[in-house]
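Some notes on the structure that comes next.
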Amino acid sequence: MKLDILVFAVHPDDAELGCSGTILKHIALGKKVGIVDFTRGELGTRGSAEIRDEEAANSAKILGLHARENLRLKDGFFKNDEEHQLELIKMLRKYQPEIVFSNALRDRHPDHGRAGDLANDACFLSGLPKIKTELDGKVQEAWRPRLNFQYIQDHYIQPDIIVDITPYIETKIASIKAFKTQFFNPDHQEQETYISSPEFFESVIGRAREFGKSIGATYGEGFTSRKLLGVDNLFDLR
């Protein structure tokens with residue numbers, strides 16, 4: 001299946017926190033969107049890999065994704081090296097997305113920045129025909145996405161572009177809450193963590209309000225880009 005947008009996320013729930021409103025918006029516009037999670041989040045304090053698999057599947061249904069896969073890389077200890085780059089290249093060549101979203105290039109969690117660099121390098125290398133890959137016994141063709149954006153996570157980063165997600169904020173919240181073990185849930189009795197407090201959840205909404213305000217909308221999601229962005233018509237800009 002060819003996708004229009006492929007989202008790379010090092011942990012299940014990263015995509016939901018960072019860009020689920022944008023995912024929902026583009027699916028509503030008729031685009032095909034999928035997520036590839038790198039790890040099962042098995043080092044997380046709360047829940048388990050198996051539970052997070054279920055939560056990710058539930059969130060995928062809420063978002064209406066066309067595909068969701070997990071590469072089962074080693075949480076906390078994956079590297080930006082040839083072995084891991086090739087795993088991502090196989091996904092890029094499988095789904096041939098025009099646009100890729102990936103983790104922030106720097107953040108509180110060290111996995112996020114490393115994953116952002118891994119995705120960026122894989123997007124470039126995937127376009128080199130002399131790098132040979134196979135999937136399910138078939139030789140893959142080289143493919144390079146047109147755009148690679150990084151969603152903004154815990155640390156504030158000045159965005160290069162903001163997407164108005166106002167009509168989709170409630171479904172975004174529902175997709176995050178699908179990860180019942182990870183975020184604020186008064187019925188859950190495991191150890192409290194940085195992201196399980198009600199204050200953290202409020203900060204997610206606050207960030208969306210902040211980005212929305214910047215473009216004259218109620219809610220927004222911000223993204224960074226390593227390349228300069230061009231536009232054909234200045235009247236398309238706000």
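Throughout, residue positions are numbered sequentially from 1 according to the sequence presented. Note that the structure is a prediction, hence the values are computed from the model and not measured.
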Side chain proximity check, Val7 to Tyr151, heavy atoms < 4.5 angstrom
yes
Linking I/L/V/M/F/W/Y whenever their side-chain heavy atoms sit closer than 4.5 Å, directly or via other members, would Leu71 and Ile5 fall into one cluster? no
Original post:
Does atom CG of Asp232 have more than 12 heavy-atom neighbours from other groups under 6.0 Å away?
Top reply: no
Could you check whether atom CD of Glu50 has more than 12 heavy atoms from other residues, nucleotides or ligands sitting under 6.0 Å from it?
yes
- Task: Look at the side chain of Asp107 and the backbone N and O of Asp154, then say whether any donor-acceptor pair between them is shorter than 3.5 Å.
- Result: yes
Taken in chain and number order and not counting sequence neighbours, the residues that satisfy salt bridge (Lys or Arg N to Asp or Glu O under 4.0 Å) with Asp14 are none
query: Heavy-atom distance under 4.5 Å between the side chains of Phe149 and Ser225, does that happen here?
result: yes
Exercise. Give a yes or no answer on whether the side chain of Arg40 reaches the backbone of Asn70 with a donor-acceptor pair at less than 3.5 Å.
Key: no
Applying salt bridge (Lys or Arg N to Asp or Glu O under 4.0 Å) to Glu55 and not counting sequence neighbours gives none
* To do: Give a yes or no on whether the backbone of Gln153 and the side-chain of Arg207 come within a donor-acceptor separation of less than 3.5 Å.
  => yes
(message) A quick test of your reading: do over 12 heavy atoms of other residues, nucleotides or ligands sit less than 6.0 Å from NZ of Lys2?
(response) yes
Leu63 side chain near Glu16 side chain, heavy-atom distance below 4.5 Å: yes
d(Gln96 CD, Gln140 CD) to nearest 0.5 Å is 9.0 Å
Donor-acceptor contact present, side-chain Ser59 to main-chain Ala56, <3.5 Å
no
_Between Glu221 (side chain only) and Gly21 (backbone N and O only), is there a donor and an acceptor less than 3.5 Å apart?_
yes
* Asked: Does the side chain of Leu92 come within less than 4.5 Å of Pro97's, by heavy atoms?
  -> yes
Please list, one pair per line, the donor and acceptor atoms closer than 3.5 Å that link side chains of residues 116-126 to other protein atoms, with sequence neighbours excluded.
residue: Asp117; atom: OD1; partner: Arg226; partner atom: NH2; Å: 2.7
residue: Asp121; atom: OD2; partner: Asn80; partner atom: ND2; Å: 2.9
residue: Ser126; atom: OG; partner: Trp143; partner atom: O; Å: 2.6

The side-chain contact (heavy atoms from CB on, under 4.5 Å) partners of Tyr168 (sequence neighbours excluded) come to Leu24, Lys25, Ala28
Under a 4.5 Å side-chain heavy-atom rule over Ile, Leu, Val, Met, Phe, Trp and Tyr, are Ile62 and Ile173 clustered together? no
Residues passing the salt bridge (Lys or Arg N to Asp or Glu O under 4.0 Å) test with Glu170, sequence neighbours excluded, are none
Across all chains, not counting sequence neighbours, the salt bridge (Lys or Arg N to Asp or Glu O under 4.0 Å) partners of Arg93 are none
Residues passing the side-chain contact (heavy atoms from CB on, under 4.5 Å) test with Thr166, sequence neighbours excluded, are Asp164, Ala217, Thr218, Tyr219
Discussion item. Looking at Asn103 and Ala115, would you say the former's side chain and the latter's main chain have a donor-acceptor pair under 3.5 Å?
Written reply: no
Apart from Leu228 itself, its cluster of hydrophobic side chains linked below 4.5 Å comprises none
- For Lys74, does its backbone N or O pair with a side-chain atom of Thr39 as donor and acceptor, under 3.5 Å? no
Do any N or O atoms from the side chain of Gln191 and from the backbone of Arg46 form a donor-acceptor pair under 3.5 angstrom? no
Self-check item: Lys227 side chain near Leu147 side chain, heavy-atom distance below 4.5 Å
Solution: yes
field: Side chain proximity check, Val100 to Tyr95, heavy atoms < 4.5 angstrom
entry: no
Note: with side-chain heavy atoms under 4.5 Å as the link, the other cluster members for Phe77 come out as Leu43
Relative to each other, are the rings of Phe183 and Phe201 parallel, tilted or perpendicular (30° and 60° limits)?
perpendicular
| request: Give a yes or no on whether the ring-centroid distance for His112 and His155 is below 6.0 angstrom. | output: no
Trace of the side chain to side chain contact (heavy atoms under 4.5 Å, CB included) decision for Leu135 with Thr133: CA-CA 7 Å; Leu135 189 66; Thr133 58; over 6 Å; no
Residues pairing under salt bridge (Lys or Arg N to Asp or Glu O under 4.0 Å) where one sits in residues 134-146, two or more places apart or in two chains, turn out to be Glu98-Arg146
Tracing side-chain contacts under 4.5 Å among Ile, Leu, Val, Met, Phe, Trp and Tyr outward from Val231 reaches Leu234, Leu237
Looking at His66 and Val33, would you say the former's side chain and the latter's main chain have a donor-acceptor pair under 3.5 Å?
yes
Under a side-chain separation threshold of 4.5 Å, the hydrophobic residues clustered together with Ile152 are Tyr156, Ile157, Ile162, Phe211, Ile215
